[in-house]
2 protein chains.
Amino acid sequence: MSSPKQIPTSIASTAHNHDRCISSAMQTARQVCSRSGARMTSLRENVLRLIWQSHQPLGAYKLMDMLAAASTRRVAPPTVYRALDFLLEQGLIHRINSLNAFIGCTHPSTRHANNFLICKACGIAIEFAYQGLQTSIDQTAAEFGFSIDAQSIELIGHCANCQATGGAPQP
Amino acid sequence: MSSPKQIPTSIASTAHNHDRCISSAMQTARQVCSRSGARMTSLRENVLRLIWQSHQPLGAYKLMDMLAAASTRRVAPPTVYRALDFLLEQGLIHRINSLNAFIGCTHPSTRHANNFLICKACGIAIEFAYQGLQTSIDQTAAEFGFSIDAQSIELIGHCANCQATGGAPQP
DNA sequence: TGCGTTATGTTATATAATAACATGTTTGTA
DNA sequence: TACAAACATGTTATTATATAACATAACGCA
C-alpha cells in the first residue's frame, strides 16, 4: 500500500527476464487474493498468466481463443468475461478503454489509477504513476466539487523506441 | 487557437438557455468547416445538433434511432458512423471511450484534449481544460520520451450537484 | 455538360459484451 | 460423513457496437 512516486514499468524500459516477471506477478496475485479472501482458481490464474505473457493489451476474444487452444474444450465468452471481471475487481488487471483490451497491473497494491502510454506503432501499453500528475487530477476534480471513484488516463502516441527506430506499424 | 487556462463548461455550471448554446455551437461548427474546407452537410449538421441537444453523451445507435424517428426512412449504422467520424476529425465532438458515446466539444478551436468528468449518477459529462494538468501530462510523457498524438482523460465519479442531492442513479 | 471527387445508401458481417439458466465445486457445519 | 449454502463454471442465446464492400447520388469545377 505504499504511495508511488514514479514507477517506470519494467516491461517497457529494458530487456528483462519476462518469465520471472510473470511468476512474480502471479505470486503477488495470490497474495492479493488471500488477503481479500478471494479465490484464485485455475481458470483465473490461467487468464492472468496469458495476460501477463503478452506485452500488448489483450482483447477478451483473443484471450478466449488462447484458452480454447490450450484446453481441447470450447470456451465461451462468459467464461472469459467472468474471469476478467474478477481480476479487475481484485485490481490485478486494467481495462484499456480505447482498445477494448486488458493488461496486467504493475502495482496492484497502490491506489488503482489507470494511467497508460499507448504506442500506436508497437502496441505496447506502459503503465505509469506520477505524483505530480495525480495531484493535478485531484485539484481539477476538487475545483469542480467532483468526487472521483475511478480514473482512466490514456495517452496515445509513439514510444521512445518506435520514434528512434521508425517503429513498425501495429499488426 | 488560443491556449486555454481553465474553461468551465457552460452546460454543467448553471442553468442556461440551451437553445442559444446549441445554435452557437452550430455556428462555430460551420466556421470550423469553412476554414478547413470541409463540407457541413445536412446529415452532419443533424447529427451534431442531436448530440448538442443531449447533455449526456449519446451512443451511436441511440443517435441512429433519433435520426430514423425524424426522417421516415430507415437509417443504417454506417450513415451515423461516417457522420461521427467526420465530426471527430473536425474536432467538433469527442468520443468518450468508457461509455462508447459521443458529446459535443465545447472549445473546438483549442488543442484537442479529451478531458472529462463523468457523473455516474446523472450521466453528465463535463469537459474541462486545466493548464496545470496539461503540463503534468506533457512532463510525464517527456520523461518517458513518449510523443502524444491524442489523449483521453476520463474521471468517473459523482458531480457536485449529485453529491448534494443524493443524485438519482442513471437510467 | 461532363468528369472526378465526395457523400450517402444498402446489405452483410465482424467484434465486444451480457442475460438467463444449468451444472459443478468448495467450504463450513451439524 | 453428509448436507446445505455459497461460489464458480458451463451452455445457449441474444444484445450492443462497429466496419467492410459495393452501389448510387450529389457536388464542384474545368
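A, B, ... follow the sequence lines: proteins, then strands. Residue 1 opens every chain.
- For C/dA7, one of the phosphate oxygens OP1 or OP2 lies less than 4.0 angstrom from a side-chain nitrogen or oxygen of B/Arg44.
- Here the P atom of nucleotide C/dT6 and the CD atom of B/Gln90 are 13 Å apart, to the nearest Å.
- At C/dT25, none of the side-chain N or O atoms of A/Thr41 fall inside 4.0 Å of OP1 or OP2 (strictly under the cut-off).
- When every heavy atom of A/Arg39 is checked against every heavy atom of A/Arg44, the shortest pair comes out as O-NH1, 2.7 Å.
- Remark: C1' of C/dA7 and CD of B/Glu89 are 13 Å apart, rounded to the nearest angstrom.
- Taken residue by residue, residues 57-70 of chain A places no heavy atom nearer than 4.0 Å to DNA chain D.
- Side-chain contact between A/Gln134 and A/Gln151 is present, with at least one heavy-atom pair separated by less than 4.5 Å.
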With side-chain contact (heavy atoms from CB on, under 4.5 Å) as the test, would you mind laying out the steps for A/Glu127 and A/His107 before giving the verdict? CA-CA 9 Å; A/Glu127 182 169 1; A/His107 52 282; 2.9 Å; yes
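- The interatomic distance linking A/Asn100 (CG) with C/dT15 (P) rounds to 12 Å, in whole Å.
- One finds the SG atom of B/Cys159 at 9.5 Å from the CG atom of B/Leu117 (value rounded to the nearest 0.5 Å).
- Residues A/Ile137 and B/Ile153 meet the side-chain proximity criterion, which asks for heavy atoms closer than 4.5 Å.
- Side-chain contact between B/Ser98 and A/Ser152: absent, with no pair of heavy atoms (C-beta onward) separated by less than 4.5 Å.
- Using a 4.0 Å cutoff on non-hydrogen atoms, the parts of residues 73-81 of chain A near DNA chain C are A/Pro77, A/Pro78, A/Tyr81, ordered by number.
- In this entry the distance linking CZ of A/Phe102 with P of C/dT15 reads 17 Å, nearest Å.
- A heavy-atom distance below 4.5 Å is not found between the side chains of B/Cys119 and B/Ile156.
- Contact of the B/Ile96 side chain with the B/Pro57 side chain is registered, since non-hydrogen atoms from C-beta on lie closer than 4.5 Å.
- Rounded to whole Å, atom P of C/dT18 lies 10 Å from atom CG of A/Leu84.
- Looking at the side chain of A/Leu43, the nearest of the listed nucleotides D/dA8, C/dA7, D/dT9 is D/dT9.
- The distance from atom CD1 of A/Ile96 to atom P of C/dA16 is 14 Å, rounded to the nearest whole Å.
- Regarding A/Phe86, its CZ atom lies at a distance of 7 Å from the P atom of D/dA8, rounded to whole Å.
- Rounding to whole angstrom units, CZ of residue A/Arg82 and P of C/dA22 are separated by 14 Å.
- Evaluation of the ring pair (Phe, Tyr, Trp, His ring centres under 6.0 Å) rule for A/Phe116 yields A/His94 as partners, not counting sequence neighbours.
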